[in-house]
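Step one of this worksheet: look at the structure below.
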Amino acid sequence: MRSLVAAVLALLTLWSVPAAAWWEYGHHTIGAVAQANIRPATRAEIARLLRAQRQLGTPDCPVRSLEEAAYWPDCLRKDSWRWAYTFPWHFQTMPICKPFDPKANCANGNCVSAQIERNRRILADRSLPDAQRLEALAFLAHFVGDIHMPLHSGDNEDAGGNGVKAAYGIAGGTNLHAIWDGLETERAISSAEAPLVRRYPAAERAALAGGSVADWGRESWQLARTIYGRAFGREDPCTGGPAPARVVWTDRAIEQSLPDARRRIVQGGLRLAGLLDEALGPTGRVVPGRSSPYSGRQP
């Protein structure tokens, strides 16, 4: 009994630490969905680029597969002395109670939407060294995942929910961001009736993928409004008085949110597959000044 209590307390301690988006399982799943849906030629080019992983100089953060690449930028957090300049690239939060602005909070390109486009262009440029393109592949795979995490696009001026103390069902000691980063999403992935990692038919891909990077951020921002509403226990989180400093993510909220989490993971994987096919296809090299179809249409 003592060991069980100690294990539970240790788990709650881990939950209380602000997490990186989607945790490892979520990013791996997005990478795996993309891997299952890219073209054979894209898969072969990724395998070739992966051979340059030693040149990244990150032996504690290996990049031996697209799944590992999709998590690599979070693994780098342990070496902040070297990589801290990349940390603002993971998010682009905008208050849920103000109009959405796809260009806000992105000074000098230091935000997730700008870094998706930057790394896509680096990856597509075959004149660059393989190690540089592999680094771009990892950042691109990760940031496509990050922009699909709702609390990396919308917040209530509380650091994407990190400032909202929360209980997950009966278990306390966490915050709203960590719930949606991992606890809700890991349950959504593991409890899905049909496996999320599979080859999706063209009709499903058409329904789930597409849109611009700005569209993806707007979708996450809109879902963030729903998340705050469920956490606050009211339909509109922007009315009904001040936001609570502590919330309970109820069993009802957990069940309501499982389809949302699954959809964002699958959309992230399919949209990543589209970007990779575009960047690594036969005409992948980017013409200076020309944007991807994914990023060119602004709302």
Side-chain angles (χ1 to χ4, degrees), residues 14-27 29-30 70-71 73-74 77 87-102 104-106 110-113 115-116 142-169 173-189 213-234 236-238 243-250 253-254 256-268 271:
L14 287 174
W15 284 358
S16 66
V17 178
W22 295 127
W23 289 6
E24 189 168 357
Y25 190 24
H27 279 294
T29 304
I30 288 172
Y71 178 68
D74 274 350
R77 291 176 183 272
F87 296 170
W89 297 353
H90 293 248
F91 58 89
Q92 189 178 3
T93 51
M94 284 155 275
I96 57 169
C97 297
K98 296 180 181 178
F100 179 79
D101 180 357
N105 299 329
C106 195
N110 286 303
C111 73
V112 67
S113 64
Q115 290 301 320
I116 288 174
H142 185 85
F143 295 149
V144 170
D146 277 352
I147 202 170
H148 284 82
M149 194 289 202
L151 298 184
H152 274 230
S153 288
D155 74 356
N156 198 32
E157 301 186 276
D158 52 18
N162 277 299
V164 183
K165 295 180 181 179
Y168 182 72
T174 187
N175 61 64
L176 189 60
H177 189 99
I179 285 173
W180 252 89
D181 250 353
L183 301 173
E184 179 75 40
T185 304
E186 290 190 348
R187 179 166 174 174
I189 297 169
V213 174
D215 293 331
W216 307 346
R218 183 190 292 276
E219 291 167 356
S220 285
W221 174 84
Q222 289 173 331
L223 182 52
R225 284 182 59 94
T226 301
I227 290 168
Y228 278 98
R230 289 172 184 164
F232 296 171
R234 53 201 193 214
D236 185 351
C238 302
R246 184 183 182 280
V247 301
V248 175
W249 193 247
T250 64
I254 292 170
Q256 284 180 318
S257 300
L258 292 176
D260 297 327
R262 292 183 189 119
R263 182 179 179 86
R264 295 311 278 167
I265 290 289
V266 173
Q267 284 181 313
R271 287 164 169 170

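With sequence neighbours excluded, the residues satisfying side-chain contact (heavy atoms from CB on, under 4.5 Å) with Pro73 are His90, Phe139, His142. Residues passing the salt bridge (charged side-chain N to carboxylate O under 4.0 Å, His left out) test with Arg230, sequence neighbours excluded: Asp260. In this view, Trp221 satisfies the side-chain hydrogen bond (donor to acceptor under 3.5 Å, both in side chains) rule with no residue, not counting sequence neighbours. Applying the salt bridge (charged side-chain N to carboxylate O under 4.0 Å, His left out) criterion to Asp236, with sequence neighbours excluded, gives Arg225. With sequence neighbours left out, Ala159 forms a side-chain contact (heavy atoms from CB on, under 4.5 Å) with Asn162. Take Glu219 and apply the salt bridge (charged side-chain N to carboxylate O under 4.0 Å, His left out) test, not counting sequence neighbours, and it matches Arg264, Arg271. In terms of the side-chain hydrogen bond (donor to acceptor under 3.5 Å, both in side chains) criterion, residue partners of Gln115 (sequence neighbours excluded) are, by chain and number, Arg118, Asn119. Gln222 pairs by the side-chain contact (heavy atoms from CB on, under 4.5 Å) definition with Arg218, not counting sequence neighbours. Contacts of Glu186 classified as side-chain hydrogen bond (donor to acceptor under 3.5 Å, both in side chains), with partners at least two apart in sequence or in another chain: none. Under the side-chain contact (heavy atoms from CB on, under 4.5 Å) criterion, Phe232 pairs with Asn156, Tyr228, Arg234, Pro237, Ala243, Pro244, Val247, not counting sequence neighbours. Qualifying side-chain hydrogen bond (donor to acceptor under 3.5 Å, both in side chains) partners for Arg187, counting only residues two or more places apart in sequence or in other chains: Glu255.
A donor-acceptor contact shorter than 3.5 Å is absent between the side chain of Asn175 and the backbone of Val164. A donor-acceptor distance shorter than 3.5 angstrom exists from the side chain of Arg262 to the backbone of Ala188, with no hydrogens or angles considered. Judged by distance alone, with hydrogens and angles left aside, the side-chain atoms of Ser220 form a donor-acceptor pair with the main-chain N or O of Ile147 at under 3.5 Å. Checking side-chain atoms of Thr185 against main-chain N and O of Trp180 turns up a donor-acceptor pair under 3.5 Å.
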- Cys111 and Asn105: side chain to side chain contact (heavy atoms under 4.5 Å, CB included), yes or no, with the steps? CA-CA 7 Å; Cys111 73; Asn105 299 329; 6.0 Å; no
- Task: Mind running side chain to side chain contact (heavy atoms under 4.5 Å, CB included) on Tyr168 and Val248 for me, showing each step along the way?
- Result: CA-CA 6 Å; Tyr168 182 72; Val248 175; over 6 Å; no
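Looking only at side-chain heavy atoms (C-beta outward), Thr174 and Trp249 stay at 4.5 Å or farther from each other. For the pair Glu24 and Asp74, the minimum side-chain heavy-atom distance is 4.5 Å or more.
Under 3.5 Å, the side chains of Gln267 and Trp216 contain no donor-acceptor pair of N or O atoms. In summary, the side chains of His27 and Asp146 do present a donor paired with an acceptor at a separation below 3.5 Å, with no hydrogens or angles considered. Between Glu184 and Ser257, the side chains place no donor N or O within less than 3.5 Å of an acceptor N or O (distance only, hydrogens not considered).
Interatomic distance, CG of Leu258 versus CZ of Arg263, reported as 15.0 Å (0.5 Å rounding). Here CD1 of Ile179 is found 10.5 Å from CD1 of Ile227. Values are rounded to the nearest 0.5 Å.
Taking the six-membered ring for Trp and thresholds of 30 and 60 degrees, Phe91 and His152 have ring planes more than 60 degrees apart, a perpendicular arrangement.
Here the closest heavy-atom approach between residue Val112 and residue Phe143 is recorded as CG2-O, 3.5 Å. Annotation for Ala104 and Gln92: closest pair O-NE2, 2.8 Å, computed over non-hydrogen atoms. Nearest heavy-atom pair across Leu176 and Ala231 is CD1-CB, 4.0 Å.
Here the rule is side chain to side chain contact (heavy atoms under 4.5 Å, CB included) with His177, and of Leu151, Asp158, Asp155 only Leu151 fits it.
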